[in-house]
Amino acid sequence: MEVTFLGGADEIGRSAVLVDGSLLLDYGMASESPPQYPVGDVDPDAVVVSHGHLDHAGAVPALMSSGDLPPVHWTPPTRELATTLAEDTLKLHGSTPRCPFTDTDVRRLTQTSETHGYGETFEAAGYEVTLYNAGHIPGSAHVLVDDGDTRLLYTGDFHTGDQRLVAPSTARPEADAVVCESTYSDVSHEARDRVEKRFAESVKQTVWEGGTVVVPAFAIGRTQEAMLVCAAHDIDCYVDGMGKRVTKQLKRHPEFLRDADALRGATSSARFVTGRDGQRKRIAEQNAVIITTSGMLNGGPAMTYVPAIRHHPTNKVALTGYQVEGTPGRQLLDTGSAELDGRVMPVSAQVELHEFSAHADRKGLFEFLEPYRDTPVLAVHGDRTTAFAEELRGDGYDARAPELGDTVTL
């Protein structure tokens with residue numbers, strides 16, 4: 001089995017792994033400026049998508065532009081989420097370099113889509129493929145590829161710890177090689193219950209003092225997690241942005257949720273924002289908690305809310321996850337100012353970071369890999385993959401970190 005790394009090897013973003021020139025695992029994009037796509041020309045016989053985040057699924061519709069349409073395999077939530085992302089990309093960036101596909105490509109994608117549940121083995125490009133819960137977001141999957149001689153486990157993004165939205169990854173299928181994400185290979189996450197408690201106390205204190213709290217959150221996964229946390233701590237909240245649509249979609253797939261009733265309850269208690277007739281401006285002037293896209297302040301209704309509350313130190317911006325270098329969210333954390341909607345604005349409101357991560361941390365990565373001590377490990381999807389592979393070798397693993405464009409024979 002030959003595995004070629006077209007993206008996401010020694011980087012985070014544009015994940016794409018090609019097996020024997022035939023089976024493509026993920027086809028994402030890195031939403032930089034300009035955006036980055038997987039390298040090389042690819043014409044796969046089939047595609048398997050691990051989950052519905054932009055860096056793993058964002059460029060999949062571009063594969064539909066040729067005459068032959070490869071079947072695309074994924075879980076039902078991943079199909080819906082990836083399609084939603086594609087439609088949003090078209091809406092925001094259609095006919096520009098930031099959108100590598102057309103609306104025709106998106107329609108073709110829906111025609112060639114095939115969905116599968118966890119544990120269901122199916123055929124793709126001549127391989128037997130099985131998906132397992134990865135504990136990252138609803139529908140996220142580890143992908144096991146079996147050619148009859150070699151079994152390759154592609155982890156995708158995964159989490160082994162507690163989240164309210166999805167159950168953690170527990171499946172450890174037998175494999176002859178593992179392609180493992182390493183996003184947080186040098187980080188130890190704080191216990192989730194402590195993160196939640198500090199977030200809830202901070203938000204309640206700000207509201208009690210008369211302030212408004214804007215909670216920037218990614219539409220897929222993080223918005224719903226924030227809603228569940230607020231509901232569990234009796235915090236009333238508004239919900240705005242693409243996360244509203246995603247929440248409705250996820251409720252249609254209760255078997256991929258940790259507690260479908262809890263999400264229904266959180267949805268019932270939250271107030272969804274329509275954005276009509278100046279509603280956002282009025283909400284920003286209230287004693288309110290507002291969960292809204294985007295999670296790194298690079299678009300969405302956050303471009304209305306943060307400028308509206310930025311002048312008053314009683315108010316608060318409560319970021320809910322890692323802020324990539326160069327994004328407005330990172331600028332705000334580092335400098336107290338951010339480019340919002342085309343203008344650099346100083347923010348006098350308090351700014352906090354609460355790490356509701358959906359990735360395994362260093363301990364989680366080592367725990368996940370423990371059953372694979374005698375299995376070659378290829379470290380990918382991180383900004384220190386070489387160092388992580390060296391650490392694994394020091395612990396007795398056969399590990400290495402492929403670079404962009406590398407082909408590894410298993």
Side-chain angles (χ1 to χ4, degrees), residues 3-8 13-30 37-90 99-134 136-147 152-157 179 220 246 249-250 252-253 256:
V3 182
T4 303
F5 296 87
L6 306 178
R14 60 170 174 175
S15 289
V17 176
L18 187 62
V19 180
D20 293 331
S22 175
L23 179 64
L24 183 61
L25 308 179
D26 286 344
Y27 201 64
M29 58 188 293
Y37 303 107
V39 299
D41 295 325
V42 60
D43 186 17
D45 294 323
V47 185
V48 180
V49 179
S50 66
H51 68 282
H53 273 155
L54 201 65
D55 58 336
H56 290 256
V60 170
L63 299 169
M64 304 295 116
S65 59
S66 62
D68 297 327
L69 303 183
V72 178
H73 302 271
W74 38 23
T75 63
T78 299
R79 177 197 59 191
E80 282 207 63
L81 298 173
T83 303
T84 296
L85 283 177
E87 292 170 351
D88 188 60
T89 301
L90 273 171
C99 182
F101 50 82
T102 67
D103 55 353
T104 300
D105 296 332
V106 176
R107 287 197 300 271
R108 287 173 174 168
L109 178 60
T110 61
Q111 296 166 9
T112 193
S113 169
E114 298 182 24
T115 59
H116 310 275
Y118 294 143
E120 172 191 338
T121 299
F122 57 92
E123 187 276 335
Y127 300 87
E128 285 192 351
V129 179
T130 311
L131 306 179
Y132 299 90
N133 172 40
H136 180 57
I137 61 172
S140 62
H142 303 306
V143 183
L144 184 68
V145 179
D146 188 345
D147 68 359
L152 172 68
L153 178 61
Y154 172 67
T155 69
D157 291 352
V179 176
I220 297 175
V246 170
Q249 291 173 338
L250 295 182
R252 293 198 287 265
H253 303 287
F256 291 92

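Along the sequence shown, residues carry numbers from 1.
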(message) One pair to check against side chain to side chain contact (heavy atoms under 4.5 Å, CB included): Val48 and Trp74. What are the steps and the verdict?
(response) CA-CA 6 Å; Val48 180; Trp74 38 23; over 6 Å; no

(message) Applying side chain to side chain contact (heavy atoms under 4.5 Å, CB included) to Leu6 and Leu24, what does each step give before you reach the verdict?
(response) CA-CA 10 Å; Leu6 306 178; Leu24 183 61; 4.3 Å; yes

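When each of Val49, Leu144, Thr75 is checked for a side-chain contact (heavy atoms from CB on, under 4.5 Å) with Leu131, only Thr75 meets the rule.
Smallest separation of non-hydrogen atoms from Thr112 and Pro70: OG1-O, 3.0 Å. Here the closest heavy-atom approach between residue Pro77 and residue Leu250 is recorded as CB-CD2, 4.5 Å. Here the closest heavy-atom approach between residue His51 and residue Asp26 is recorded as N-OD1, 4.4 Å. Residues Val47 and Pro44 approach most closely at CG2-CG, 3.9 Å, considering heavy atoms. The shortest non-hydrogen separation linking Pro138 to Leu81 is O-CD1, 4.0 Å. Between Tyr154 and Ser50 the shortest heavy-atom distance is CE2-CB, 4.1 Å.
We find the CD-CZ distance between Gln249 and Arg252 to be 5.5 Å, quoted to the nearest 0.5 Å. Remark: Leu153 CG to Thr155 OG1 distance equals 7.0 Å, nearest 0.5 Å. With rounding to the nearest 0.5 Å, the separation of NE2 in His73 from OG1 in Thr78 is 13.5 Å. Between atom SG of residue Cys99 and atom CE of residue Met29 there is a gap of 7.5 Å, rounded to the nearest 0.5 Å. Here Asp146 contributes atom CG and Thr121 contributes atom OG1; the two are 9.0 Å apart, rounded to the nearest 0.5 Å. Atom OG1 of Thr102 and atom CG of Leu90 lie 7.0 Å apart (nearest 0.5 Å).
A distance-only check finds a donor-acceptor pair linking the side chain of Thr83 to the backbone of Arg79 [under 3.5 Å]. Here the side chain of His53 pairs a donor or acceptor atom with the backbone of Ile220 at under 3.5 angstrom.
Using the six-membered ring where Trp is involved, His116 and Phe122 have ring planes that are parallel, under 30° apart on the 30 and 60° scheme.
Residues Ser15 and Asp55 bring no donor and acceptor atom of their side chains to less than 3.5 Å of each other. Inspection of the Asp157 and His56 side chains reveals an N or O donor paired with an N or O acceptor under 3.5 Å.
Using a 4.5 Å heavy-atom cutoff, the side chains of Asp147 and Val145 are not in contact. Leu54 places a side-chain heavy atom less than 4.5 Å from the side chain of Thr89. In this structure, Ser65 and Phe101 have side chains that are not in contact, with every pair of non-hydrogen atoms separated by 4.5 Å or more.
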